[in-house]
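For reference, the structure is listed below as structure tokens.
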Amino acid sequence: MKLDLDALAALDAVVRTGSYAQAADQLHKVTSAVSYQVKKLEEQLRLPLLDRSGYRVRLTPQGEAVLNEGRRLLQHAHQVESLAQQLATGWEPRLLVVVDGILPQADTLQALKQLADEGIPTRVQLKIEFLHGVQYRFDKDHADLMLVKEYEPNAQCRALALPEVECVLCVAPEHALARLGRPATLAELQAHVELSVQDSSERGDDRHMFGGERVFYLSGFMAKRQALLMGMGFGWIPRYLADEPLASGALQELAYEGGSRYRFTPWLVQRLDRPLGRAGQRLVELLAPTTVQGVPHA
């Protein structure tokens, strides 16, 4: 029996998206073609792979076992295709990069501009996520690179430490917390609105949050800075966004008994099981300082 990899890919897409229509959009096919491929695979294997009785299609126990193995086959097939492409030209057809929205985007955009100026043929896609959402998107979309605030080590990845980023706790000068005349206590912070950025994976909140009941979640750090400037609340903001309003007096550093600043080390992460092509390697050169050492994590 000869397995059809396209049919396995169709089954995978239907399960991931939850519908034939969305799977068809993702695979750039018509819905009937995707449905036919899945049905043909079931007939070929003589197994019911999908339970179609509910609102959303679900895997049967047999389908779950088949898809688990099928995904490994698809991954190996993709690796062979990627290898062949790189051996033929050295340039990968596409490069997907996921970046944590707390990091300075100007650095990444400047690196991408350099790639464009060099005339690389690779199609590059940049996605902005937040907190745990960065690694979630990196894994889910099989991205090639990620720049992440907090990296969960993976034996299949290699991580490069990037220069530290400092965050400062800020508030508008007219806010009540700015007029205390002494470092605020945790209870005093919790009594006011905290401004934060939502974890785009919906896994949980930022561990640097203060635990109060009144929290406004913003769509990104530019919106968060604007909310701080308007005096809506208090919150952490990276120094590269805070320096100008702090210098002008539009914002002020909020003294807190637990400390009003913290630093973190971002990571530039790449996969070991799918080597980068020329575009990815060049992007790593542009993003990672020459003094930085690679740290493979187990």
Side-chain angles (χ1 to χ4, degrees), residues 99-110 128-135 146-152 159 161-268 287 289 291-292:
V99 178
D100 195 314
I102 197 174
L103 302 178
Q105 294 181 30
D107 296 342
T108 306
L109 295 176
Q110 183 59 44
I128 306 298
E129 300 287 347
F130 298 96
L131 298 169
H132 299 290
V134 183
Q135 185 146 354
M146 70 172 168
L147 283 80
V148 62
K149 176 187 176 185
E150 296 181 356
Y151 171 56
E152 297 178 5
L162 299 178
E164 281 188 331
V165 173
E166 185 174 43
C167 291
V168 57
L169 191 60
C170 289
V171 71
E174 66 271 17
H175 193 280
L177 287 171
R179 299 193 295 269
L180 289 176
R182 55 171 174 76
T185 65
L186 178 60
E188 286 171 328
L189 293 185
Q190 291 175 339
H192 292 271
V193 172
E194 180 176 1
L195 302 174
S196 185
V197 174
Q198 179 66 49
D199 183 337
S200 56
S201 72
E202 299 183 356
R203 172 173 164 180
D205 295 324
D206 187 345
R207 63 185 177 88
H208 290 102
M209 291 180 66
F210 294 93
E213 293 297 324
R214 303 170 67 195
V215 181
F216 288 179
Y217 290 101
L218 290 307
S219 61
F221 281 90
M222 293 302 294
K224 183 176 182 178
R225 183 174 74 164
Q226 185 61 40
L228 287 168
L229 290 168
M230 294 171 62
M232 290 170 58
F234 71 95
W236 297 104
I237 193 167
R239 278 283 305 277
Y240 71 90
L241 290 177
D243 281 344
E244 183 178 335
L246 285 173
S248 69
L251 288 178
Q252 70 179 56
E253 186 169 346
L254 174 55
Y256 167 53
E257 62 183 12
S260 60
R261 298 193 179 198
Y262 76 87
R263 293 174 176 267
F264 66 88
T265 299
W267 296 91
L268 173 59
L287 290 172
T291 56
V292 169

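Being a predicted model, the structure only gives us computed values, none of them experimental. Values reported hereafter were calculated over all heavy atoms of this structure, with side chains retained and with hydrogens, waters and symmetry mates removed.
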ask   = Is the number of heavy atoms from other residues, nucleotides or ligands within 6.0 Å of OH (Tyr262) greater than 12?
value = yes
query = Ignoring hydrogens and geometry, is there a side-chain-to-backbone donor-acceptor pair from Arg214 to Ala191 under 3.5 Å?
reply = yes
remark   = In short, Leu186 meets Glu257 closest at the heavy-atom pair N-OE2, 3.7 Å
message = Quick check against the 3.5 Å criterion: does Tyr240 have a side-chain atom that pairs as donor or acceptor with the backbone of Leu103?
response = yes
query = Checking side chain to side chain contact (heavy atoms under 4.5 Å, CB included) against Cys170, which of Leu228, Leu195, Leu241, Leu254 comes through?
reply = Leu228
task = For the residue pair Gln198 and Phe130, establish whether any side-chain heavy-atom pair is separated by less than 4.5 Å.
result = no
inquiry  = Please give me the minimum heavy-atom distance between Lys149 and Trp267, naming the atom from each residue.
reply    = O-CD1, 4.3 Å
request  = Answer yes or no: does atom CD of Glu164 have more than 12 heavy-atom neighbours from other residues, nucleotides or ligands under 6.0 Å?
outcome  = yes
request  = Report yes or no: does Glu129 contribute a side-chain atom to a donor-acceptor pair with the main-chain N or O of Gln135 at less than 3.5 Å?
outcome  = no
message = Can you give me the closest heavy-atom contact between His192 and Ala176, atom names plus distance?
response = CE1-CB, 3.9 Å
remark   = Note: Ala178 and Pro173 closest approach over all heavy atoms is CB-O, 3.5 Å
request  = Flag the pair Arg182 and Glu188 as a salt bridge only when some basic side-chain nitrogen lies within less than 4.0 angstrom of an acidic carboxylate oxygen.
outcome  = yes
query = Can you list the steps and then say if Leu251 with Val171 is a side chain to side chain contact (heavy atoms under 4.5 Å, CB included)?
reply = CA-CA 6 Å; Leu251 288 178; Val171 71; over 6 Å; no
message = Looking only at the aromatic ring of each residue, does the gap between the centers of Phe234 and His175 stay below 6.0 angstrom?
response = no
task = Using modelled atom types only, decide if a donor and an acceptor are shared between the side chain of Glu194 and the backbone of Gly212 within a distance under 3.5 Å.
result = no
request  = Compare every heavy atom of Asp100 with every heavy atom of Leu131, then report the nearest pair and how far apart it is.
outcome  = N-OD2, 3.7 Å
request  = Supply the atom-to-atom distance Ile237 CD1 to Ile102 CD1, rounded to the nearest 0.5 angstrom.
outcome  = 9.0 Å
ask   = Is Trp236 close to Phe221 at the side-chain level, that is, under 4.5 Å between some pair of heavy atoms?
value = no
ask   = Atom OG in Ser248, atom CG in Leu229: separation rounded to 0.5 Å?
value = 8.0 Å
query = Between Val215 and Ser196, is any pair of side-chain heavy atoms under 4.5 Å apart?
reply = yes
key: Least distance between heavy atoms, Pro238 atom then Cys167 atom   = CA-SG, 4.0 Å
query = Sub-3.5 Å donor-acceptor pair from the side chain of Arg239 to the main-chain atoms of Val165, do we have one?
reply = no
task = Can you measure from CG (Leu169) to CD (Glu253) and round to the nearest 0.5 angstrom?
result = 8.0 Å
